[in-house]
Every structure is written in structure tokens, then in C-alpha cells.
Enquirer: 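Questions regarding the structure given below will be posed in turn.
Each residue takes its place number in the sequence, starting with 1. Heavy-atom basis, side chains included; hydrogens, waters and symmetry copies ignored.
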Amino acid sequence: MDLVLVDQHAAHERIGFEQLKQQYLCGRVERQMLLFPKVLEFDFRLSQAVKEHQDTFARLGFCLDHFGGNAYALKEIPQLLRESDIEQLVRDLAEDLAVMGRSRLVEIEMETVLIRMACHGMVRANQKLAQEEMRALLELLDQTPFNSHCPHGRPTCISWSLSDVERLFKRA
């Protein structure tokens, strides 16, 4: 029998990343329409990045319509990220895309963008989860490929055997 400790953020991040990646590769990131669009004001540089990368934002599951000046109305978001700080995520993605430019680099770096999205949208390390949520998280993790580590490389869980635990208490 082993003692298993699960990093719920790392586990959920891996699950979310794999789901987003699969949806992105299929060209069908599930979206959720916002009841009330959020108007986001950008500086000129980021506004240009949003304008240049409308197709990328759309493929990622965001609907951003020009609202005048440097503002954009956020109307749809990726369904997986409905609980996250979407405004900050959009700003971070605009920054990433501004740095990447309009080259093939965007497609090459898309995994980095998906990792950022997954990180923003998942449960946090100290967030309390109900028993059912914990069970669902473990079941999803069990069905997820590459589930031993989050996309950043941190382990999703650590396992100690009974002899490891006995050694920790100097009982071996």
C-alpha cells in the first residue's frame, strides 16, 4: 500500500492542457458565449497584436471584436477556462503574440500559449475541493496522457511506499 500525494493544480493543469491541445489541433476549441461582453482596452502595441492575431485568438476559442480605438469586446471564451481570470489571460496572450510576431513562430510556440491558457484556467494549489471534485479530478487524470507531470514539468503526484514512510519516522 502506498501513500500518494497529488498536486491538484499540476494535475488539473495537465488535464486542461491535454484537452485544450486536442481541441486546438482539431480546430474546435469549445466556446462559451459571455452574457455581457467584456470591453478590454489595450495599449497601441497590444491592440495591434490582437488585430494581427484575430485568427489565432479565434482558433484558441476567443471572440474579440474591435470596439473602437484600442478597445476590443470579448464575446466568447474557451469553455474550459470559464472560471479563470479571462481578462488577464487575454492580455497575457496578446503580449505573447506581440513578442512572437506574425511568423511561423506562432505555430511553433502554440504549445507555450496552450500551457499558459491551461495554467490560468485550472484549480489553484490551495483551493478547497469537495470530495466529488477530488474524485473527478483523479478519474480525469487517470484518463489523461502524460499524466505524471504538468506541462511545466512538475510532478502531478508523489508516491511513498509503506517502507518509505516508516523510514521517515525512523521505524525501518
Enquirer: So that I can tick it off, tell me whether Arg91 and Glu95 are bridged by a salt bridge, with the cut-off set at under 4.0 angstrom between side-chain N and carboxylate O.
Expert: no
Enquirer: Please determine whether a side-chain nitrogen of the Lys or Arg among Glu166 and Arg171 lies less than 4.0 Å from a carboxylate oxygen of the Asp or Glu.
Expert: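 No, Glu166 and Arg171 are not salt-bridged.
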Enquirer: Taking the side chain as every heavy atom from C-beta outward, state whether Gln79 and Val29 have any atom pair closer than 4.5 Å.
Expert: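 Not in contact.
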Enquirer: If you apply the rule side chain to side chain contact (heavy atoms under 4.5 Å, CB included), what do you find for Thr56 with Met110, and how did you get there?
Expert: CA-CA 9 Å; Thr56 303; Met110 197 45 65; 3.6 Å; yes
Enquirer: Is there a continuous path of hydrophobic side-chain contacts, each under 4.5 Å between heavy atoms, that joins Ile15 to Leu138?
Expert: no
Enquirer: Is there a side-chain contact between Arg45 and Gln48, using heavy atoms and a 4.5 Å cut-off?
Expert: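 They are not in contact (no side-chain heavy atoms under 4.5 Å apart), so the answer is no.
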Enquirer: Is there a side-chain contact between Leu74 and Ile86, using heavy atoms and a 4.5 Å cut-off?
Expert: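 A side-chain contact exists here, since the closest heavy-atom pair is under 4.5 Å.
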Enquirer: Evaluate the criterion side chain to side chain contact (heavy atoms under 4.5 Å, CB included) for residue pair Arg31 and Ile77; output intermediate values, then yes/no.
Expert: CA-CA 5 Å; Arg31 296 175 178 213; Ile77 61 173; over 6 Å; no
Enquirer: Passes side-chain hydrogen bond (donor to acceptor under 3.5 Å, both in side chains), Ser161 versus Asp2? Steps please.
Expert: CA-CA 4 Å; Ser161 68; Asp2 289 351; 5.1 Å; no
Enquirer: Is any side-chain heavy atom of Glu111 less than 4.5 Å from a side-chain heavy atom of Lys21?
Expert: yes
Enquirer: Considering all heavy atoms of both residues, which atom of Phe62 and which atom of Leu93 are nearest to each other, and what is their separation?
Expert: CE1-CD1, 3.6 Å
Enquirer: Identify the heavy atoms of Val4 and Cys157 that sit nearest to each other, and give their distance.
Expert: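 Between these two residues, the closest heavy atoms are CG1-CB, 4.0 Å.
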Enquirer: Counting C-beta onward and ignoring hydrogens, is there a side-chain heavy-atom pair between Met1 and Leu162 closer than 4.5 Å?
Expert: no
Enquirer: Side-chain donor-acceptor contacts of residues 145-155 below 3.5 Å, not counting sequence neighbours, with atom names and distances?
Expert:
unit_1	atom_1	unit_2	atom_2	d
Asn147	ND2	Leu141	O	2.8
His152	ND1	Glu13	OE2	2.6
Arg154	NH2	Glu13	OE1	3.4

Enquirer: Given 3.5 Å as the limit, does a donor-acceptor pair link the side chain of Glu133 with the main chain of Ala130, or not?
Expert: yes
Enquirer: Would you call Arg116 and Asp92 a side-chain contact if the rule is heavy atoms closer than 4.5 Å?
Expert: yes
Enquirer: So which heavy atom on Phe42 is nearest to which on Ala94, and how close?
Expert: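 Of all heavy-atom pairs spanning Phe42 and Ala94, the closest is CE2-CB, 4.4 Å.
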Enquirer: Mind checking whether Thr156 and Asp7 have side chains closer than 4.5 Å, heavy atoms only?
Expert: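 They are not in side-chain contact.
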Enquirer: In Å and rounded to the nearest 0.5 Å, what is the CD to CG distance from Glu132 to Leu137?
Expert: 13.0 Å
Enquirer: Taking atom OH of Tyr72 and atom CD of Gln54, what is their separation to the nearest 0.5 Å?
Expert: 5.5 Å
Enquirer: Any salt bridge (charged side-chain N to carboxylate O under 4.0 Å, His left out) involving residues 137-146? Give me the pairs, sequence neighbours left out, ordered by first then second residue.
Expert: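 Counting only pairs at least two positions apart or across chains, no salt bridge (charged side-chain N to carboxylate O under 4.0 Å, His left out) contact touches residues 137-146.
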Enquirer: For a quick test of reading the model, state the closest non-hydrogen atom pair linking Thr144 to Glu18 and the distance between them.
Expert: CG2-CG, 3.6 Å
Enquirer: Out of curiosity, does Val99 fall in the hydrophobic cluster containing Phe44 (side-chain heavy atoms, cut-off under 4.5 Å, transitive links)?
Expert: no
Enquirer: How far does CG of Leu40 sit from CD of Gln88, to the nearest 0.5 angstrom?
Expert: 10.5 Å
Enquirer: Taking atom CD of Gln22 as the centre, does the number of heavy atoms from other residues, nucleotides or ligands within less than 6.0 Å exceed 12?
Expert: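 Not buried by this count: 12 neighbours or fewer within 6.0 Å.
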Enquirer: Does the Gln23 side chain pair with the main chain of Glu30, one donor and one acceptor, at a distance under 3.5 Å?
Expert: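 It does hold such a pair.
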Enquirer: State the CG-CE distance between Leu20 and Met117, to the nearest 0.5 angstrom.
Expert: 5.0 Å
Enquirer: Which atom pair, heavy atoms only, marks the closest approach of Trp160 to Leu5?
Expert: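 Looking at all heavy atoms of both residues, the shortest contact is CZ3-CD1, 3.4 Å.
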Enquirer: Keeping Glu76 on the side-chain end and Gly61 on the backbone end, is there a donor-acceptor pair under 3.5 Å?
Expert: no
Enquirer: Under a 4.5 Å side-chain heavy-atom rule over Ile, Leu, Val, Met, Phe, Trp and Tyr, are Leu34 and Leu81 clustered together?
Expert: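 Yes, it is one cluster - the side chains of Leu34 and Leu81 are joined through contacts under 4.5 Å.
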Enquirer: Restricting to non-hydrogen atoms, name the atom on Ala71 and the atom on Val39 that form the minimum distance, rounded to 0.1 Å.
Expert: CB-CG1, 4.0 Å
Enquirer: The test is side chain to side chain contact (heavy atoms under 4.5 Å, CB included); show your working for Leu3 and Asp164 and say whether it passes.
Expert: CA-CA 9 Å; Leu3 170 66; Asp164 292 333; over 6 Å; no
Enquirer: Distance from Phe67 atom CZ to Glu41 atom CD, nearest 0.5 Å?
Expert: 10.0 Å
Enquirer: Below 4.5 Å, heavy atoms only, C-beta onward: do Gln19 and Leu80 meet side chain to side chain?
Expert: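 Result yes, sub-4.5 Å side-chain heavy-atom pair found.
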Enquirer: Show the numbers, then the answer: is there a side chain to side chain contact (heavy atoms under 4.5 Å, CB included) between Asp55 and Arg59?
Expert: CA-CA 6 Å; Asp55 55 333; Arg59 281 196 65 204; 5.7 Å; no
